[in-house]
> 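Before I ask anything, here is the structure I am working with.
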There are 2 protein chains.
Amino acid sequence: MAENAPRRQPTLDEVAERAGVSRSVASRALNNAPHVSRAKREAVERAVRQLGYVPNPTARALATRRAGAAALVVSGEDPSIFADPFFAQVIVGASGALEEADLHLMLCLAASDRGRKRVGELLRSKGADGVMLMALREDDPLIRMAEEAEMPVVFGGRPVGPVPRWYVDVDNVGGAREATEYLASRGRTRVAAICGRLDTEAGRARYRGYRDAMLAAGLDPFPPQEGDFTEPSGAAAMAVLLAEHPDLDGVFAANDNMGAGALRTLREAGRPVPADVAVVGFDDLAVARIADPPLTTVHQPITAFGREMARMLVALVNGQDPTPLILPTRLVTRSSA
Amino acid sequence: MAENAPRRQPTLDEVAERAGVSRSVASRALNNAPHVSRAKREAVERAVRQLGYVPNPTARALATRRAGAAALVVSGEDPSIFADPFFAQVIVGASGALEEADLHLMLCLAASDRGRKRVGELLRSKGADGVMLMALREDDPLIRMAEEAEMPVVFGGRPVGPVPRWYVDVDNVGGAREATEYLASRGRTRVAAICGRLDTEAGRARYRGYRDAMLAAGLDPFPPQEGDFTEPSGAAAMAVLLAEHPDLDGVFAANDNMGAGALRTLREAGRPVPADVAVVGFDDLAVARIADPPLTTVHQPITAFGREMARMLVALVNGQDPTPLILPTRLVTRSSA
DNA sequence: CCAGGAACTGGGAGCGCTTCCAGTTCCAGG
DNA sequence: CCTGGAACTGGAAGCGCTCCCAGTTCCTGG
């Protein structure tokens, strides 16, 4: 900026004039709409090139009533929740799908009151064509904001409470069940659960899956040892578990971060993994591979999760009525169990 | 959506009518500009509340010629570069600063040609008020796009080549030097470097810092063993190093991901850390704390990095001329060195 | 009591684009 | 040679907001 002459951006009028056509024709040519003769279309293209014209997205948005953008909002009382690499992968997927639909991605970290207020305004204004909501907690104010919004909203992961109309989720119950069954099948009988926040549906569902599998295997489920999906919370939960149940021989952690934390505590406590205690995580993020020992974990297709969420939103924006989606998980065995 | 009556959003005109004032007064009241009597201001506020009015950001943007949004673009030939938790932290910082300035954050992963083209259009249209550019490689097409743009651009990390007018960077040379000096001060004499991509300035600068410190300590710098900032590349680089220089006793890795990879290879090779080989990383991401052993590393203030980048952009957007910023690093000693 | 400002008000002209629609051109068929 | 309709064109009306500016009201001091 600033280096160049402060000449204004050329407008469509100037393009039209230069091409010797009317503004409407120029507009149609640009959006390659019908009713433009080949000759004029080319004239417009030439003028565009000569002038270095780029349409003003704002004006276009105003005229079409389409913002040309979708928002991804990540809830949480603390922006650091976003540090979880999970979201980065979701974004990669969503970004790609949005790019295909020529929509921009707006990212909102709705942590502060101010942030939530801005999301509320976004939902009620026409600042975006649709919104993807993630990491909602029980009674999250965003839930009701979303209900009241006259704008397409897709949920990334079902929230606690009534099931929304449009969502993408992962088979949390099934994944947790599979992980626990695996542990049981390897002869582990005293398997504890480090579960995620129980004010999220993912936290609850994964615990349910664990409990179901334990009962089905004729084992006693442990009460939930709650963490908050972070590594330190996993380490802390593991410490409590070790103190209360020194004889445990397996742990299902509701995500890899907490699994890594559990591994750390076990290492510090001198309990070899998996010889003494087997550990299974959930997510299959990079940390699972890096952990020592590498973490057996429930893989979920995170990039696909983001992609499908965005595709669903695009469908909604285009007036279709897509069906909710539940993505499958699969167990990835490494050496921790 | 869809549940409610399809009534249109109320407009400012309706608010004005309801409040019994003119549109201009309503507008001024909304933007709490001067020249509005207390009574009318309150009347407008009441009408806004009754109607549930929310200003249309697009119309506002068109009229003010302010998009109300800033873009953060992450370059790279592969969107997976974004999976590096580094960016998540930058975003947390940037998002907060942007929120203070009431700007939305648009995120662009400029990986594909199409993605780059869209960024180019963004830069030339008025789709955003300014742009933050990150992860630029040598000869990155985005560099020249940015030069030609008549729009505020802040670089996050200097690119290879001419120094841009506005940037935020971290003291890569100093950090790398400190890390290497530390290794030398602990008696390590055969210290190798796993460096980052040498087509990035961060990769080069960190290697320079390493080399400077080695020479200053009277030691022989190793030639750069290049990785791409990912964990597997660090593991691979470490393997090569071990094969070529089995007698090395220290490694400076240009980031924590690669440091973690190096740790993994060393573990698999049965070389105890730090007893046999000391390892230092760079970044101080979560992985450094989780690694086994926890990684001594060069801390960089990543959230501040994002925050300052955004603040600089906001200053630019407001017509100021901020000065570039280089953030300090500091060594965090854990047990890997 | 009046002139002169300060404070306030609201009409109207945009911002740059899309799109409706009335009008024009063109051509095949009668 | 004329008619009717398809193909195309361009003027004009917005989209919803801001902001200039001319006009009005309301004080104050002389």
Side-chain angles (χ1 to χ4, degrees), chain A residues 6-44 47-48 51-69 102 121-122 124-129 150, chain B residues 7-44 47-48 51-69 102 121-122 124-129 150-151:
Chain A
R7 65 165 196 292
R8 244 177 51 283
Q9 296 269 338
T11 72
L12 187 55
D13 274 306
E14 297 170 50
V15 171
E17 185 179 21
R18 177 138 198 161
V21 304
S22 79
R23 184 158 22 104
S24 337
V25 172
S27 170
R28 263 178 257 136
L30 239 57
N31 300 292
N32 45 52
H35 304 311
V36 181
S37 67
R38 191 173 164 68
K40 301 217 165 182
R41 194 178 294 274
E42 281 167 1
V44 170
V48 164
L51 259 34
Y53 170 78
V54 181
N56 179 319
T58 308
R60 186 183 295 218
L62 185 60
T64 57
R65 291 111 171 278
R66 285 247 190 164
D102 238 312
E121 281 165 8
L122 190 66
R124 299 167 54 210
S125 73
K126 300 298 299 166
D129 295 323
E150 311 184 40
Chain B
R7 65 164 197 294
R8 246 179 48 285
Q9 295 270 338
T11 71
L12 187 55
D13 274 306
E14 296 170 51
V15 170
E17 185 179 20
R18 175 139 201 162
V21 304
S22 79
R23 184 163 19 101
S24 334
V25 173
S27 170
R28 262 178 258 138
L30 240 55
N31 300 291
N32 44 52
H35 305 310
V36 181
S37 68
R38 190 173 165 67
K40 302 218 164 181
R41 193 178 293 274
E42 282 167 2
V44 170
V48 164
L51 260 33
Y53 169 78
V54 182
N56 180 319
T58 308
R60 189 184 295 222
L62 185 60
T64 57
R65 290 110 171 282
R66 285 248 192 163
D102 240 312
E121 280 165 9
L122 190 67
R124 299 167 54 209
S125 73
K126 301 297 298 167
D129 295 323
E150 311 185 42
M151 180 186 292

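Chain letters run A, B, ... following the sequence lines, proteins first and then strands; every chain starts at 1.
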> Can you measure A/Arg66 atom CZ to C/dT19 atom P for me and round it to whole angstrom units?
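Distance, rounded to whole Å: 10 Å.
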> Looking at B/Gln9 and A/Arg124, what are the two nearest heavy atoms and their distance?
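Scanning both residues completely, I find the closest heavy atoms to be NE2-O, 2.6 Å.
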> Figure out the CG/P separation between A/Leu12 and C/dC15, and round it to whole Å.
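Distance, rounded to whole Å: 14 Å.
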> Starting from C1' on D/dG16, measure out to NZ on A/Lys126 and report it in whole angstrom.
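Answer to the nearest Å: 13 Å.
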> Measure CD/A/Gln9 against C1'/C/dC15 and give the value in whole Å, please.
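Rounded to the whole Å, the gap is 13 Å.
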> Separation of B/Glu14 atom CD from D/dC17 atom C1', in whole Å?
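Going from B/Glu14 (CD) to D/dC17 (C1'), I get 14 Å.
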> Quick one: salt bridge (Lys or Arg N to Asp or Glu O under 4.0 Å) pairs with a partner in residues 28-42 of chain A, sequence neighbours left out?
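Listed once each, the pairs are A/Arg38-A/Glu42.
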> Among residues at least two apart in sequence or on other chains, which ones pass salt bridge (charged side-chain N to carboxylate O under 4.0 Å, His left out) with A/Arg23?
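Partners of A/Arg23 by the salt bridge (charged side-chain N to carboxylate O under 4.0 Å, His left out) criterion, ordered by chain and then number, come out as A/Asp13.
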> On DNA chain D, check which nucleotide each of A/Arg23 and A/Lys40 is closest to and give me the residue with the more 5' one.
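It is A/Lys40, whose closest nucleotide lies nearer the 5' terminus.
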> Closest-nucleotide mapping onto DNA chain C: is A/Tyr53 or B/Ser22 further toward the 5' terminus? I mean the 5' end.
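The 5'-side residue here is B/Ser22.
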> Counting just side-chain N and O atoms, does A/Ser27 come under 4.0 Å of either OP1 or OP2 of C/dT18?
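Looking at the OP1 and OP2 atoms of C/dT18, one of them is under 4.0 Å from a side-chain N or O of A/Ser27.
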> Compute the bend angle of the helix from C/dC1-D/dG30 to C/dG30-D/dC1 from the end axes (five pairs per end), rounded to 10°.
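That helix has its two terminal axes inclined by roughly 40°.
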> Only pairs at least two apart or in different chains count here, so list each salt bridge (Lys or Arg N to Asp or Glu O under 4.0 Å) that has a residue in residues 52-63 of chain B.
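The answer is none; no pair qualifies.
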> Can you tell me the distance, in whole Å, between the CD atom of A/Glu17 and the P atom of D/dG11?
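The answer, rounded to whole Å, is 12 Å.
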> Could you tabulate the donor-acceptor pairs under 3.5 Å formed by side-chain atoms of residues 51-59 of chain A, not counting sequence neighbours?
unit_1  : atom_1 : unit_2  : atom_2 : d
A/Asn56 : OD1    : A/Thr58 : N      : 2.8
A/Asn56 : OD1    : A/Ala59 : N      : 3.1

> Taking all non-hydrogen atoms of both residues into account, name the closest pair between A/Ala16 and A/Ala26 and its distance.
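Closest pair (atom of A/Ala16, atom of A/Ala26, distance): CB-CB, 4.0 Å.
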> To the nearest 0.5 Å, what is the distance between NZ on B/Lys126 and CG on B/Leu62?
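So the NZ of B/Lys126 and the CG of B/Leu62 are separated by 12.5 Å.
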> Checking B/Arg18 now: which residues fulfil salt bridge (charged side-chain N to carboxylate O under 4.0 Å, His left out) with it, not counting sequence neighbours?
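Here no residue qualifies.
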> Of all the heavy-atom pairs spanning A/Ala128 and A/Ala67, show the shortest one and how long it is.
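Smallest heavy-atom distance, with atoms named: CA-CB, 3.7 Å.
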> Given side chains that start at C-beta, do those of B/Leu30 and B/Leu12 come closer than 4.5 Å, heavy atoms only?
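They are in side-chain contact.
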> Can you sort out which residues in residues 55-64 of chain B have a heavy atom within less than 4.0 Å of DNA chain C? Ascending by number, please.
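Per residue number, the list reads B/Leu62, B/Ala63.
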> For nucleotides 21-26 of chain C, list the nitrogen or oxygen atoms of the protein found under 3.5 Å from its nitrogen or oxygen atoms, one pair per line.
none

> What nucleotide among C/dC15, D/dA12, C/dT18 has an atom nearest to a side-chain atom of B/Arg65?
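Output: C/dC15.
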> Among C/dG16, C/dT19, C/dG10, which nucleotide has an atom closest to any side-chain atom of B/Val25?
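Given the options C/dG16, C/dT19, C/dG10, the side chain of B/Val25 is closest to C/dG10.
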